[in-house]
Amino acid sequence: HPVKIKNTLVSVYYKDGLAPLVELLNKYGVTFYSTGGTETFIKDLGIPVVPVEDLTSYPSILGGRVKTLHPKVFGGILARRPLESDQQQLAQYEIPEIDLVIVDLYPFEETVASGAAEQDIIEKIDIGGISLIRAAAKNFNDVVIISSKNDYKELEEMLANQEGNTSLEQRKEFAKRAFNTSSHYDTAIFNYFNQENPIEVFKQSEQKAQVLRYGENPHQKGIFFGDLDNMFDKLNGKELSYNNLVDVDAAVALIDEFQEPTFAILKHTNACGVASRPTIKQAWIDALACDPVSAFGGVLITNGEVDGATATEINNLFFEVLIAPAYSEEAIAILTAKKNRIILVRKDVKLPAQQFKTLLNGVILQDKDNTIEAPEQMVAVTTVKPTAEQLEDLYFANKIVKHTKSNTIVFAKNGTLLASGVGQTSRVDALKQAIEKAVSFGFDLQGCSMASDAFFPFPDCVEIASNAGIAAVLQPGGSIKDQLSIDMANEKGIAMVTTGVRHFKH
Ligand code: 93A
């Protein structure tokens, strides 16, 4: 059944884009009810508006925390129009029916992202607005809910084409979007509360301090403050050393980038082998092939169960630590035959979202680098565009770049790390190192993809890379000389994408 809008309640945080919709509704003779700032906005358009306080006979209290939360508001939204008893109560309590609710919620996520203090973030948890959205969406049978400014235009067109009416189907679609808005909003709040505070983690873990055999070198003392039992079940091996812990941390961060079955091998926190394959066994074989020399004594990690056949393969290598979410009985028997190697089962626990380290006479704290740009976020800047496979390889390479010491260049093909240049003081050196390594292990770089952790200050890297056979390049972009690198790529006929996001790691 069509619903003609008589009364609307408008309460929006950001007012942009609202004016044309309000003006159109005014043409249809709609009565406006509104909260403080929105009311002023509508009044300034020269359109009559009833303050919500006049409706509720109550002022906005507690600094605005309670503005619309009132039966006179919610009664008018939730009343079932066809139900006689609901109608009687509306009349008895003098509640007007509200048939359109327009809300733009307090910008919770934006406030979190701005780095605001906790108190300010908490104040931006919208209670009244979210309740209005849910109430109006629940009663989609009779009420239109607009829970995002993205929907203003659509409603305007709908009303214009349908003489101010909406259909049940349309209202139900808006209700669906409204519950999407509200669930997204509450998820963002949950994520905020669910973050581990690294300082709290540190304080709690002080009771769980574990004296290490030594620090980074035998003449240095070391202690780990933390609860390893909470993160891993140790199936075999000696205690984790200081350097093991550092590598295990890097390994965990790297493997968490991958959803598909993947194996990674790390040395001194850098990946020297990574492969994503349909099976864990194949991932292991191809990860090891990247650099079997460096893999000796490495830390190995996978995101899938290690079975007997895979364990037999791994068993051929001398390694320090192996981490997996699960092992078959057979794999455990094979892998624990040697006493010293550390075999860890990783538990599914959340880690702090921030990291800190001491420096000078203080500490620095930062968010972990937890963004990675999907292929859709890559902008092709050259005449030649990357193929779908190249885009996947660029994505794969960028995940590794992000977890490798700067300056970094990573080569990848078919979901496999081919070679990288790590921790160099110039990007050209990182590139040359990567080429030399790839060549020394017999890899053909023709058609291969390359990622760089930061932009190219000069076109030299693109020139050297393409001469070596690289066909697609990913870099954040942002150098004042970007165009020179793009021109070079065009001259060489190779593809380049920019991501806009730098991934230094020190
Ligand atoms: O603090 S609230 O949770 N309490 C309320 O009762 C309430 N009603 C609407 N926030 C509330 N709102 C929000 O106010 C809306 O979601 C909107 O974001 C904002 C609009 O305020 P104003 O019209 O004063 O700019």
Side-chain angles (χ1 to χ4, degrees), residues 112-118 191-192 194-232 239-257 264 266-272 298-299 301 320-321 323 342 344 346-347 349-372 398-408 410 420-427 430 452-454 476 501-506:
V112 172
S114 76
E118 179 175 272
N191 287 342
Y192 172 73
N194 196 33
Q195 268 180 35
E196 301 263 23
N197 177 335
I199 297 193
E200 284 307 314
V201 170
F202 181 72
K203 278 194 207 146
Q204 286 160 18
S205 65
E206 257 180 303
Q207 300 124 25
K208 295 248 181 195
Q210 178 183 324
V211 176
L212 302 171
R213 266 171 294 151
Y214 48 81
E216 203 160 358
N217 298 293
H219 60 274
Q220 292 167 269
K221 285 190 181 124
I223 300 183
F224 172 63
F225 297 98
D227 184 2
L228 286 178
D229 295 340
N230 185 36
M231 266 211 82
F232 304 108
E239 263 181 25
L240 285 153
S241 71
Y242 179 102
N243 290 318
N244 290 156
L245 286 168
V246 173
D247 286 336
V248 165
D249 176 65
V252 163
L254 173 64
I255 204 73
D256 284 353
E257 297 286 350
L266 291 93
K267 277 290 280 296
H268 299 286
T269 74
N270 292 318
C272 56
V299 167
I301 190 161
E320 283 273 318
V321 186
I323 310 157
I342 300 167
L344 302 175
R346 182 171 169 204
K347 299 180 187 173
V349 291
K350 232 178 121 62
L351 297 174
Q354 293 167 305
Q355 56 192 171
F356 65 111
K357 66 175 175 190
T358 67
L359 59 74
L360 299 174
N361 57 1
V363 294
I364 43 174
L365 174 70
Q366 67 166 352
D367 296 336
K368 286 183 182 165
D369 180 1
N370 50 17
T371 72
I372 188 73
N398 202 27
K399 289 174 174 180
I400 300 171
V401 144
K402 191 183 132 172
H403 293 281
T404 306
K405 283 223 183 296
S406 299
N407 292 325
T408 321
V410 166
S420 58
V422 313
Q424 298 301 304
T425 45
S426 89
R427 196 155 299 284
S452 171
D453 63 336
V501 182
R502 191 184 72 187
H503 290 294
F504 272 164
K505 184 182 174 234
H506 295 111

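Along the sequence shown, the residues carry numbers beginning at 1. In this text the structure is predicted, and so the values were computed from the model without any measurement.
Legend: residues meeting side-chain hydrogen bond (donor to acceptor under 3.5 Å, both in side chains) with His503, ordered by chain and number and at least two apart, are Asp369, Glu373. When the side-chain hydrogen bond (donor to acceptor under 3.5 Å, both in side chains) test is applied to Asp256, the partners found at least two apart in sequence or on another chain are Arg346. Under the side chain to side chain contact (heavy atoms under 4.5 Å, CB included) criterion, Ser241 pairs with Arg213, Asn243, Asn244, not counting sequence neighbours. Qualifying side-chain hydrogen bond (donor to acceptor under 3.5 Å, both in side chains) partners for Thr404, counting only residues two or more places apart in sequence or in other chains: none. Scanning for salt bridge (charged side-chain N to carboxylate O under 4.0 Å, His left out) contacts around Lys402 gives Glu257, with sequence neighbours left out. With sequence neighbours excluded, the residues satisfying side-chain hydrogen bond (donor to acceptor under 3.5 Å, both in side chains) with Ser406 are Asp453. Contacts of His219 classified as ring pair (Phe, Tyr, Trp, His ring centres under 6.0 Å), with partners at least two apart in sequence or in another chain: none. Among residues two or more places apart in sequence or in another chain, the side chain to side chain contact (heavy atoms under 4.5 Å, CB included) test is passed with Ala271 by Leu254, Val274, Ile400, Leu417. Every residue meeting the salt bridge (charged side-chain N to carboxylate O under 4.0 Å, His left out) condition with Lys347, not counting sequence neighbours, appears here in chain and number order: Asp233. Scanning for side chain to side chain contact (heavy atoms under 4.5 Å, CB included) contacts around Gln220 gives Glu216, Asn217, with sequence neighbours left out. In terms of the ring pair (Phe, Tyr, Trp, His ring centres under 6.0 Å) criterion, residue partners of Phe504 (sequence neighbours excluded) are, by chain and number, His506. Not counting sequence neighbours, the partners of Asn230 by the side chain to side chain contact (heavy atoms under 4.5 Å, CB included) test are Asp227, Val349.
Between Asp367 and Gln355, the shortest heavy-atom distance links the atoms O-OE1, 4.3 Å. Of all the heavy atoms in Val401 and Ser452, the pair that sits closest is CG1-C, 4.1 Å.
Atom OH of Tyr242 has 12 or fewer neighbouring heavy atoms from other residues, nucleotides or ligands inside a 6.0 Å radius.
Tested against Met231, the residues Val248, Leu351, Ile323 include a single side chain to side chain contact (heavy atoms under 4.5 Å, CB included) partner, Leu351.
Here the CZ atom belonging to Arg427 is positioned 7.0 Å from the OG1 atom belonging to Thr408, to the nearest 0.5 angstrom. Remark: Ile372 CD1 to His403 NE2 distance equals 7.0 Å, nearest 0.5 Å. Going from atom CD1 of Ile223 over to atom NZ of Lys221 covers 9.5 Å, rounded to the nearest 0.5 Å.
At distances below 3.5 Å, at least one donor-acceptor pair connects side-chain atoms of Lys368 with backbone N or O atoms of Pro352. Side chain of Asp247 to backbone of Thr269: a donor-acceptor contact under 3.5 angstrom is found.
Between Val252 and Phe232 there is a side-chain heavy-atom pair separated by less than 4.5 Å. Within the 4.5 Å cutoff, no side-chain heavy atoms of Val501 are placed close to those of Pro476. Between Leu344 and Leu240 the shortest side-chain heavy-atom distance falls below 4.5 Å.
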